[in-house]
Amino acid sequence: MRASLLACFAILLLASSATAQTTSRLVGYLDTVDPASVVPGADQFGAPEGAPPLVPVLREGEVAGYAYLTSDVVNTAGYSGKYIDVLVGLDTDGTIVGAQLLEHHEPIVLIGIPEARIETYMSELVGFNPLKAAAAGEEPPDVDIVSGATVTVLVIGDSILRSAARMGRRIAGSPDPADTTRRIVDPDAGEVTDWLTLLGNGAIRRLSISVEDVNRAFEQSGGARAAERPEKGPPDAVFAEIYVALVSHPAIGRSLLGDAGFERLQGRLDEDQSAILVMGEGRYSFKGSGYVRGGIFDRIQLTQGAESIRFRDKQHERIADLAPGDAPSFNEIALFRIPEDARIRPAETWSLHLLVQRAIGALDKAFVTFALDYRLPAPYAQTIRKATPPPDGRGATTEAPVAPALDESPGQAETPLWQRIWRSKVASISVLVAMLAALTAIFFFQDILVKRPKLFDRIRLVYLGVTLVWLGWVAKAQLSVVNVLAFAQALRTDFQWSYFLADPLIFILWFSVAAALLFWGRGPFCGWLCPFGALQELANRAGRLLRIPQVKVPWALHERLWPIKYIIFLVLFGVSLTSLALAEQLSEIEPFKTAIILRFLRDWWFVLFAVSLLVAGLFIERFFCRYLCPLGAALAIPGRLRMFDWLKRYRDCGNPCMRCHNECPVGAIHPEGHINPNECISCLHCQVLYHHDHKCPVMIQKRLKREKRAAMASPSMRGAAAAPPRTAPTPQEGD
């Protein structure tokens, strides 16, 4: 696949040039944003000031607030590993008064979650002042997390709150708490000891949650649907039991990890970087599976004042056993390194929050949190006053965005993330592999199947049904032209196979498409494995049963319409060379997101567009596939390299017989009988006709000759030939 794309797009790729990254994208956004959308009542943006840039927002010439870009202040990399740019507005007291999502490349939002739900989530943070809340010991607002996009919204929420705290201090001119008198870790204090001693002196803290605690929390949260689905089991049964310790402290770390384990940890920590050990028992995992899909642990969060941290996969290490002989056994033990650029003071009080989720529907979940407070005990800490201010003198630093690693660093003890993702989806992978094996068998043994039209038709109907329902609506494995554009973009920048291995179903589908291009062209995917293609064909069949008239597009018009999809693809590809984000927006010409991924649960204009294409398909079979699909066009180009021609034709095809031309569901057969491989979807209908002895003239002649020979060879015909001829009786005398 990679070689094919390189061969086809080499000229365009060489013509493109990489654009230079600017330090901040804030100035470019300001011309496209209404000042009132981030600071109510404002009418103008001022000039950016300082680093990171802070923009005064004016109302009739007076400063009404300030605006900044979250990615300039804190790490905003989400599931995609790219920036999530949010423009945040603060009033002159540092209260959040507005937030607008400007740019992202989150696949779950691009092809799954309506952006309006993300915006609703952000709006619930409006009115919160991180500095005042931290001074009063209050928690951030308890907002509804968007089910299905947990990682994305947590990154957005954390980035807004953390950046608001830092920029709020800058606006108020207040010192960073890190500049004042504070407690720090005393590395020489303490000694190696056992589990019970560490638990007794507070070096290890414990949080125990029972089934009753969880059920009560969901009842008190006010969510009736969540309360109606209580956790099963005895009320006092352990739901989750969490232990946490600061293992970057030498005495605590050597006690729990052993000398070798602690030395290994020290080799991976930067100067003044901290690490915690989290141990879990019970039915609820503090790890969950979100980190496998997105590289972010979405069930735990470390907070301190206005700062909060979501750990990423590359900051995590699995620990098999603890060093103390009296330590209990745990279901899971994880070591987390606190990012060096995080403003967490490990010797001060901080909290580890456990996010507990409960399914309340097929796609929706409810959430409650439990907090475990940790303060490094006095024997392990000392109090000092920091003598020098931060380098920028404003108590604010810029964090360089870091993409979540899809492969572990060389020193990581665990297997690469993509391998763990594959292991977590064994069942889905097995079903997809079985589908591909069945399709391969259908093509290799097509001559046997197409001779039995009714059997073949039933097999095709069942296969299309599985493709639509399971592969599309359940597994959401719908390929898109966005995948092609992203692949081409990766070839131009920092191509790594691990980026594409992170989604096993999509990767396997693309691998199978690449292999099929060499054997059959684009037909196996477009005709059998595309969920939206299956939806069109099944809808058209239903329309035929309802006697909806079918429109036969004149050939002269048809062959002038099918190049439209190639033009659409080339436009999208050309736009992606300069702006992948714009190309992603224009790729909405594909109705896949609306009809397959979101199952029509989307804004009305997207639904109207998708339904319009399906309605057109009721009259013209596979209307979208024929004339508009850019993905089909993208696959048709390398599909020209196929090595085999599996579709059989007679010399008489097209002259005089035109039955295949008239019945081809996508008009891929020319009037003279030639099959256009660029347009063929390998539905094999022409092969059914090829062997049909009541429809194909050649086969009809063969059948008639066969029947004549059989009739001539029948016993009745043989007996008639052997018997003497009957003659009229001879007249007798006297008659």
(message) Can you list everything that forms a side-chain hydrogen bond (donor to acceptor under 3.5 Å, both in side chains) with Ser210? Sequence neighbours excluded, please.
(response)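 By the side-chain hydrogen bond (donor to acceptor under 3.5 Å, both in side chains) rule, Ser210 matches Asp213.
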(message) The criterion is side-chain hydrogen bond (donor to acceptor under 3.5 Å, both in side chains); which residues satisfy it with Glu281, sequence neighbours excluded?
(response)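 Once residues adjacent in sequence are excluded, Glu281 has no partner under the side-chain hydrogen bond (donor to acceptor under 3.5 Å, both in side chains) criterion.
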Strictly by modelled atom types, are [X] and [Y] linked by a side-chain donor-acceptor pair under 3.5 Å?
{"X": "Arg337", "Y": "Gln315", "answer": "no"}
{"X": "Tyr66", "Y": "Asp91", "answer": "no"}
{"X": "Asn215", "Y": "Arg229", "answer": "no"}
{"X": "Tyr29", "Y": "Asp85", "answer": "yes"}
{"X": "Tyr243", "Y": "Arg206", "answer": "yes"}
{"X": "Tyr68", "Y": "Ser163", "answer": "yes"}

(message) Just to verify, what does Ile184 make a side-chain contact (heavy atoms from CB on, under 4.5 Å) with, not counting sequence neighbours?
(response)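 With neighbours one apart ignored, the set is Arg182, Gln382, Ile384.
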(message) Taking side-chain contact (heavy atoms from CB on, under 4.5 Å) as the definition, give me every residue that meets it alongside Asn129, ordered by chain and number, with sequence neighbours left out.
(response)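 Once residues adjacent in sequence are excluded, the partners of Asn129 under the side-chain contact (heavy atoms from CB on, under 4.5 Å) criterion are Asp93, Thr95, Leu131, Lys132.
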(request) Report yes if the side chains of Val247 and Phe262 come closer than 4.5 Å at any heavy-atom pair, otherwise no. (result)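 No, every pair of side-chain atoms sits at 4.5 Å or beyond.
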(request) Answer yes or no: is there a side-chain heavy-atom contact under 4.5 Å between Leu352 and Phe286? (result)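 They are not in contact (no side-chain heavy atoms under 4.5 Å apart), so the answer is no.
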Sidechain-backbone polar pair: [X] side chain, [Y] backbone, donor-acceptor under 3.5 Å:
{"X": "Arg358", "Y": "Ala226", "result": "yes"}
{"X": "Arg183", "Y": "Ala347", "result": "yes"}
{"X": "Ser248", "Y": "Ala275", "result": "yes"}
{"X": "Glu340", "Y": "Asp270", "result": "no"}

Measure the [atom1]-[atom2] distance between [X] and [Y] for me, rounded to the nearest 0.5 Å.
{"X": "Arg264", "Y": "Leu269", "atom1": "CZ", "atom2": "CG", "value": "12.0 Å"}
{"X": "Ile309", "Y": "Trp350", "atom1": "CD1", "atom2": "CH2", "value": "10.0 Å"}
{"X": "Arg170", "Y": "Leu54", "atom1": "CZ", "atom2": "CG", "value": "5.0 Å"}
{"X": "Thr369", "Y": "Leu354", "atom1": "OG1", "atom2": "CG", "value": "8.5 Å"}
{"X": "Leu161", "Y": "Phe128", "atom1": "CG", "atom2": "CZ", "value": "6.0 Å"}
{"X": "Glu317", "Y": "Leu257", "atom1": "CD", "atom2": "CG", "value": "8.5 Å"}

(request) Can you spot which of Leu69, Leu30, Asp72 makes a side-chain contact (heavy atoms from CB on, under 4.5 Å) with Pro53? (result)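 The side-chain contact (heavy atoms from CB on, under 4.5 Å) with Pro53 is passed solely by Asp72 among Leu69, Leu30, Asp72.
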(message) Show, in sequence, the C-alpha distance, side-chain angles and deciding distance for Arg318 and Glu332, and conclude whether the salt bridge (Lys or Arg N to Asp or Glu O under 4.0 Å) test is met.
(response) CA-CA 8 Å; Arg318 184 181 63 83; Glu332 49 193 6; over 6 Å; no
Pair up each side-chain donor or acceptor in residues 34-50 with any protein partner under 3.5 Å, not counting sequence neighbours, and list the distances.
residue: Asp34; atom: OD1; partner: Ala36; partner atom: N; Å: 3.2
residue: Ser37; atom: OG; partner: Asp34; partner atom: O; Å: 2.6
residue: Ser37; atom: OG; partner: Gln100; partner atom: OE1; Å: 2.8
residue: Asp43; atom: OD2; partner: Glu60; partner atom: N; Å: 3.1

(message) Suppose we screen for salt bridge (charged side-chain N to carboxylate O under 4.0 Å, His left out). Which residues come up paired with Arg254, at least two apart in sequence or across chains?
(response)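 Salt bridge (charged side-chain N to carboxylate O under 4.0 Å, His left out) check on Arg254 returns Asp259, Glu263.
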(request) Please confirm whether His316 and Phe297 have ring centers closer than 6.0 angstrom. (result)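 Yes; Phe297 has its ring centre under 6.0 Å from that of His316.
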(message) Less than 6.0 angstrom from the centroid, inside 45 degrees of the normal: does Arg299 satisfy that with respect to the ring of Tyr284?
(response)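 Pair Arg299/Tyr284 counts as cation-pi.
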